[in-house]
Amino acid sequence: MALLWSLPEAFSWTCDGELDLASCIQRSIIDATNLLFLCAFCVLWIAVSLRKRNANGNNTERDFVLVFAAVCCAFSGIAHFGVGLRSSIVQSDITRPQSWLLHFIRGLIWMSLTVSLLAVKSKWMRTLVTLWQVAFCVLITALNIRLLLDGHGIKVLDIATWPINFLLLFCAFRIYFMVPKPKSDEKLYEPLLGAKPYESRSQLGCARCLSKLTFSWINPLLRLGYSKPLEFEDIPSLVSEDEADLAYQNFSRAWDVVVNDPKGSQSYLIIKTIAKVYFKENIFTGLCALFRMISVVVSPLLLYWFVNYSNEGAGNLSEGFVIIGCLILAKLVESFSQRHYFFNSRRSGMRMRSAVMVAVYQKQLKLSNTGRKRHSTGEIMNYIAVDAYRMGELPWWFHSTWTLTLQLFMSIGVLFTVIGVGALPALVPLLICGLLNVPFAKILQNCQSQFMIAQDGRLRSTSEILNSMKIIKLHSWEERFRNLIELGRATEMKWLAKAQFQRAYATGIYWVSPTIISSVIFLGCALLQSAPLNASTIFTVLATLRAMGEPVRMIPEALSILIQTMVSFNRINAFLVDDELKNDRIRAVPLEDSSSTASIHILSGNFAWDMDSPLLTLKDINLEAKCGQKIAICGPVGAGKSSLLYAILGEMTKTTGTVTICGSIAYVSQTSWIQSGTVRDNILYGKPMDAARYKNAIKACALDKDISSFSHGDLTEIGQRGLNMSGGQKQRIQLARAVYNDADIYLLDDPFSAVDAHTAAILFNDCVMGMLENKMVILVTHQVEFLSDMDKILLMEEGRVTQSGSYQELLTAVTTFEQLVNAHKEVLTTFGPSNSEIPGDTANSNTVKLEESKETELGEIPEKAQLGVQLTEEEEKEIGDAGWKAFWDYIMVSKGSTLLFLGLLTQLAFVVLQAGSTYWLALAVQFPDIGSGTLIGVFTGISLLSTLFVFFRSFIIAHLGLKASKAFFSGLTDSIFRAPMLFFDSTPVGRILTRASSDLSTLDFDIPFSIIFVIAAGIELLAIIGIMASVTWQVLVVATFAMVAAKYVQAYYLASARELIRINGTTKAPLMNYTAETSLGVVTIRAFDAIDRFFCNFLKLVDADAKLFFHSNALMEWLVLRIETLQNLTLLTASLLLILLPKRNVPPGLVGLSLSYAFTLTGTHVFVTQWYCHLSNYIISVERIKQFMHIPSEPAAVAENNRPPSSWPSKGRIELQELKLRYRPNAPLVLKGINCTFKEGNRVGVVGRTGSGKTTLISALFRLVEPASGTIYIDGLDITSIGLKDLRMKLSIIPQEPTLFRGSVRTNMDPLGLYSDHEIWMALEKCQLKATISSLPNQLDSSVSDGGENWSAGQRQLFCLGRVLLRRNRILVLDEATASIDSTTDAVLQRIIRQEFPDCTVITVAHRVPTVIDSDMVMVLSHGNLVEYEEPSKLMETNSYFSKLVAEYWASCRRSSSYNLGNHLC
């Protein structure tokens, strides 16, 4: 007994005087456990140190948190040492002589913990330290809670060190899960020579369970983003299961199964495929959504339990802690399940989106011509940019729909559980309010569908206009096409306004619904006496209705989104099942496997562009082309020459016959197709660099001088569609691409039309007959001079091969071919009736050729780019925190400060009235004298008044959004249409389109309501904290800490998230550009068999876009999880205060009020944080649009103070005085001081080598580029002194690249609608198109597809001629106007121009010498200088530059004309 009696005293020293036996035992266990961990740590540390004696030491990156925790532990150890030292000095109690030793031991333990935080050397040590810190925190927390529950006090030193234990618990997980990083000066490996540099991957793939649970795997990216502005290279790539390649493979396999299912229908194929691929991975997401829904529904029951507990008076404290435990558990489940539900649904949606985008792109590569007519380039871009992105949201909306529906029914069940049959009357208004949302949802869905249709039309027109901006400016059609876009936008705005106002009405219904339903429930309780109208009942009902509010509001919206997604599914489904090129269209045989000597063999081939049309495009085609053979195809415009090449390529539908191809193909299209990139990239075209072959290809294609003159050599960037290259340069780059490809068969579609005669001769001799000597070549050409060297000539008329044979054989028969050659001969005899009249005779022509060949010898191809500015610059983006600037820009541009202020006032009134109504309930239930009718009536009145304010708020913000949309669209459109041509030459169309589509959509739909959501939620958050503080003011301490901490966490997040969104804005444009380029050049891609390479490049672009989307979502979930944790701490504090405060100090009504608002605190803070972050991201669209609202504009369209007379120009005299021109301020001069005069009524021919400045001179005349110095006078008037419209409307031009617009023949001939049908028919007759158009069923209303693709290049040029015949201006410019038509038609058109414009000044830029030989004057340009300007007859009499050009042309034609002459002599 004595021993037992002495036990408390024996333990008392270990407890430092604590007399409670149980507490002393726990304290002893804690100290003993710490000593055991300390010994184990020392042993392990020594062992690891000995084993890694030569190692560099700890590689784990130490951060601020660990260092801070180590410092805290060190101070705790010092404090214990101090107390122990004082005890050993002043100790007077002999019963506790070892008290100082206890403090020294605890001080040693704290010091050891300091070392453990800073000296972790291995995984085992991390594990040990983690266990130690977790055990220490758990044990000390359990002891302190027991002391508090038993009414014992906690000493000051223990109180001070208790928070440090929680900090150690946090550090324990941080140390264990932190991935060690190598020091910056350590080289872990040496890369292999030429090895691909390591690309960082997302750490999600190697993250542990806890890291995935808390999204800590994203921490390295956040740290990096906080330390510096993120760049694209800093973003980790996706894990393999998220990459587009795997997503598409899974989609493709499932698609094949679904399509080939004999029992399945052809409708909803894509939905079945999506379900087949993504069903399993969405099961986990569905479970997360289910757990989240359950936790939300349970919360009102916990509130009911809590208020009843507080109403009991002297309640059991343990019951209160149980309630709080359940409450925290419910909030944790809600938080973690919701975060992973959101993240995983969007991750699944990203995979779905990537798969669909790739499927659309792959389909585009296979689409037949019939399919391409049904789906324009703009529509295909919309499938990717709009429909595929909408599909990415499908998983989230799908899970939201069913979980919210279930949440609604379970909440109704909670109401019946709490108040019984009193909830029954509420089902009527609930049903009515729910049904009221249905028509609103339908109207909203219809508005959005109509908006999308209008947007599709506007974007298609915008894309076409941007691609043809040069033509529009030359003809001064900006106003007409701008009106076209504004008309489309007006339709959009009509539906947008309707949709936004519907949202305002829906908001009113959303807030009226809980007021009416709660009032009916309270009335039902009062009348049916099913439940007392006390605090627990009232606030449980309000909390339940709040939980029901989300489903009531979201379900109609979710159904609307699902319907829109179905529309997108149907659009893409129709595209994916559309007609493809059939595999049997041609029979391709590898050259080595072929026993035949024929490269191409067509037997009885009939071909059509449109299967539905009974008319055949090509009829009875029989062709055999052998290896090494050279075949020419000639004939009049529209004869089917290009169509025959398409038939060989398999691009046309083969109705009958066989086509066999032996070997690989290289194709050069008539309209040059150039990719954005460098000259070298366009020539190599994905092939590895072979320096010798590359050099030879450049030389053979006469590109050597051009490349040497480029500022960056062959690394010079080519603008979109080759805008910064001349027509001849683009054509020769195309030809060089084909030559370098080293194919077996070459199909060349009129490659010489865009180059001068000398260059054409080089291309023919050095390329076609030189480098391609042993290749099979089919050449479509109008240059008769080259036909005599061909092995075989095919003459085509009306889709048939009417004649076939060698040059001499065809001349033997008196046929159409002879007429073609005679027409050419007649042209030649106008300037060369006999050889003696040409200075460049046979002997001299060889000399000229030799001299020129020396001049064009290939210099060294630059291996390193020279310094200079590339044409296409990197897309501009803001860096860092732009603050409130973009937000104020949004308000100021829209002039919406008054509306914003009114919106703020109405929201403030709404929050005050809402708080007043609930305060009334909390206070009124304490007074029995207040009857149920009064209680319900006052509550209903105040609540209904508040809904009126919230409706006005939404209505005002809708007006603000519409004003902003109009202002920004108007500013963007103004700026784009007034931008100079240099802007369009240097800016890819995709950059402009992303601002006109996705950025503008963000401005339309997202920003207005984001602004008011942030304001509304911010005010509500302050109101919640104010109400909680009015009940328990102590909660302000924790709430303030949580708010400040959340602000810092939010700033930490935004540093990275903002840059991710900005970078994402620059990754969408390349994706769209690549899609558009592929659509325009798909024939070339298929001909070169480059489909796989383009497909792989597209996969990389999709992944580049997806990884930004993926990490943006992960960052958002990281942020929200931490915000929820901080606010759950505030909720925990408020709950503890309500339990621990003395009973009856806080009335039950106020308890219910405080706790019901506390339940919404976390959601409200998350809401305001999310929408603030969304707004910060959305506002980047304002930045991007505003960048293009301040483009330096070209001069005014009309100079009001200096308008020319309506009769100007009456003569057409043009004077050039010291004209100098450069394209950029610091760029070299392109025209170098030109002085000359074009007399009125003269025909002036402008000739020169390719790139000599001919087209630039025309640009100066039309003021597409303003002169650097010098002046151009027309009839004595300085053209720079008048407006651009006044100038360009008085000039006519047939451009080098003929352009037609989507529409009809009538709208293309007369876009402004100024002329009658009779005048149009007269113009068509004169330009040789009347017969063709008269044969069409719809005649003038016959359709013209995008870019006029359904008309040949020659016919497109004839359309352009018809336009100028209608306008009949005094000055006419022909810029290579007849390059794509045959000599006969050329001669006819030249005659027509002479007849129709007898008194006009005609400026003709031409490569064909016969086209300019009958001009009154000839201007010869060379490298931007005026070399000669004289009458052609006088220039021919001297050894002039022009006579040399004529001699070159004559020499190239000599053989064919001599054959022709010999035939006639015979």
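Computed from a predicted structure; not experimentally measured.
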With side-chain contact (heavy atoms from CB on, under 4.5 Å) as the criterion, how do Val1102 and Arg353 come out once you've worked through the C-alpha distance, each side chain's angles and the decisive distance to 0.1 Å?
CA-CA 9 Å; Val1102 172; Arg353 184 186 76 187; over 6 Å; no
Check your understanding: Are Val567 and Asp387 close enough, and set up right, to give a side-chain contact (heavy atoms from CB on, under 4.5 Å), and what steps lead you there?
Key -> CA-CA 9 Å; Val567 173; Asp387 295 313; 6.0 Å; no
| Going through the checks in order, is the side-chain contact (heavy atoms from CB on, under 4.5 Å) test met by Asp1105 and Leu1101? | CA-CA 6 Å; Asp1105 186 50; Leu1101 290 173; over 6 Å; no
Step by step, work out the side-chain contact (heavy atoms from CB on, under 4.5 Å) result for Phe968 and Val1182. CA-CA 8 Å; Phe968 276 93; Val1182 174; 3.8 Å; yes
### Task
Give the intermediate values and the outcome of salt bridge (Lys or Arg N to Asp or Glu O under 4.0 Å) for residues Asp456 and Arg571.
CA-CA 12 Å; Asp456 283 350; Arg571 282 156 53 102; 2.8 Å; yes
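With contacts defined as side-chain heavy-atom distances shorter than 4.5 Å, the pair Gln450/Glu492 does not qualify. Using a 4.5 Å cut-off on side-chain heavy atoms (C-beta onward), Leu993 and Asn1073 make no contact. You'll find the side chain of Asn467 stays beyond 4.5 Å of the side chain of Glu464, heavy atoms only. Under the 4.5 Å side-chain criterion, counting only non-hydrogen atoms from C-beta, Ser400 is in contact with Tyr341. For the pair Glu393/Thr565, no side-chain contact is recorded, criterion being any heavy-atom separation below 4.5 Å from C-beta on. Annotation: side chain of Ser965 is in contact with side chain of Met493 (closest heavy-atom distance under 4.5 Å). Between Ile992 and Phe1188 the shortest side-chain heavy-atom distance falls below 4.5 Å. Ile1007 is not listed as a side-chain neighbour of Phe887, based on a closest heavy-atom distance of 4.5 Å or more.
When the ring pair (Phe, Tyr, Trp, His ring centres under 6.0 Å) test is applied to Phe910, the partners found at least two apart in sequence or on another chain are Trp511. Checked against side-chain contact (heavy atoms from CB on, under 4.5 Å), Ser1079 has the following partners two or more places apart in sequence or in another chain: Gln364, Thr377, Ile380. The side-chain hydrogen bond (donor to acceptor under 3.5 Å, both in side chains) search around Ser997 returns none, not counting sequence neighbours. Under the rule for a side-chain contact (heavy atoms from CB on, under 4.5 Å), the partners of Val1166 that lie at least two apart in sequence or sit in another chain are Val1120, Ile1123, Glu1124, Thr1162, Gln1170. Every ring pair (Phe, Tyr, Trp, His ring centres under 6.0 Å) that Phe451 has, sequence neighbours left out, goes to Phe1005. Annotation: ring pair (Phe, Tyr, Trp, His ring centres under 6.0 Å) contacts of Trp495 (sequence neighbours excluded): none. With sequence neighbours excluded, the residues forming a ring pair (Phe, Tyr, Trp, His ring centres under 6.0 Å) with Phe1110 are Trp217, Phe343, listed by chain and number. Listed by chain and residue number, nothing satisfies the side-chain hydrogen bond (donor to acceptor under 3.5 Å, both in side chains) test with Gln500 (two or more places apart in sequence, or in another chain). Looking at residues two or more places apart in sequence or on another chain, you find a side-chain contact (heavy atoms from CB on, under 4.5 Å) between Phe955 and Phe501, Ala504, Tyr505, Phe951, His959. Checked against side-chain hydrogen bond (donor to acceptor under 3.5 Å, both in side chains), Tyr1178 has no partners two or more places apart in sequence or in another chain.
Here the closest non-hydrogen pair linking Gly961 and Pro1008 is CA-CG, 3.4 Å. In terms of heavy atoms, Ala1106 sits closest to Ser354 at CB-OG, 4.1 Å.
The ring of Tyr248 has its center no closer than 6.0 angstrom to the ring center of Phe1098. Between Phe342 and Trp396, the ring center distance clears the sub-6.0 Å criterion. For an aromatic pair to be called close, the ring centres must be under 6.0 Å apart, and Trp1118 with Phe215 fails this.
The CD1 atom of Ile1011 sits 12.0 Å away from atom CG of Leu904, with the distance rounded to the nearest 0.5 Å. The structure places CD1 of Ile1180 at 7.5 Å from CD of Glu1059, a figure rounded to the nearest 0.5 Å. One finds the CG atom of Asp1004 at 8.5 Å from the CG atom of Leu962 (value rounded to the nearest 0.5 Å). In this structure, Glu241 CD and Arg351 CZ are separated by 6.0 Å, a value rounded to the nearest 0.5 Å. We find the CZ-CD1 distance between Arg995 and Ile1185 to be 8.5 Å, quoted to the nearest 0.5 Å. Distance check: His1165 NE2 to Gln1050 CD gives 6.5 Å after rounding to the nearest 0.5 Å.
Here the side chain of Asn219 pairs a donor or acceptor atom with the backbone of Ser216 at under 3.5 angstrom. Between the Asp1103 side chain and the Ala244 main chain, a donor and an acceptor come within less than 3.5 Å of each other. At least one donor-acceptor pair under 3.5 Å links the side chain of His1111 to the backbone N or O of Lys1107. Between the side chain of Thr507 and the backbone N or O of Arg503 there is at least one donor-acceptor pair closer than 3.5 Å. Remark: side-chain polar atoms of Arg458 are paired, donor with acceptor, to backbone N or O of Ala996 under 3.5 angstrom. Remark: the backbone N or O of Ala454 is not paired with any side-chain donor or acceptor of Thr491 at under 3.5 angstrom. No side-chain donor-acceptor contact under 3.5 Å links Ser348 to the backbone of Ser345. Proximity of a side-chain donor or acceptor of Thr973 to a complementary backbone N or O of Phe969 within less than 3.5 Å is detected. Looking at Ser227, its side chain does come within 3.5 Å of a backbone N or O of Leu224 through a donor-acceptor pair. The backbone N or O of Ser1010 lies less than 3.5 Å from no partner atom in the side chain of Tyr1172, so there is not a single donor-acceptor pair.
Side-chain N/O atoms of Ser568 and Arg390 include a donor and acceptor closer than 3.5 Å. Judged by distance alone, the side chains of Thr1078 and Tyr361 do bring a donor and an acceptor atom under 3.5 Å apart. In this structure, a donor-acceptor pair under 3.5 Å is present between the side chains of Ser1181 and Asp999.
Taking 4.0 Å as the cut-off between side-chain N and carboxylate O, Arg489 and Glu486 do not count as a salt-bridged pair.
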Name every donor-acceptor pair, under 3.5 Å, that has one atom in a side chain of residues 888-895 and the other anywhere in the protein, sequence neighbours excluded.
unit_1, atom_1, unit_2, atom_2, d
Asp889, OD2, Lys885, NZ, 3.1
Ser894, OG, Tyr890, O, 2.7
Ser894, OG, Ile891, O, 3.1

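Shown here is Phe952, whose CZ atom has no more than 12 heavy atoms of other residues, nucleotides or ligands within 6.0 Å.
Counting only residues at least two apart or in different chains, salt bridge (charged side-chain N to carboxylate O under 4.0 Å, His left out) contacts with residues 957-984 comprise Arg482-Asp974.
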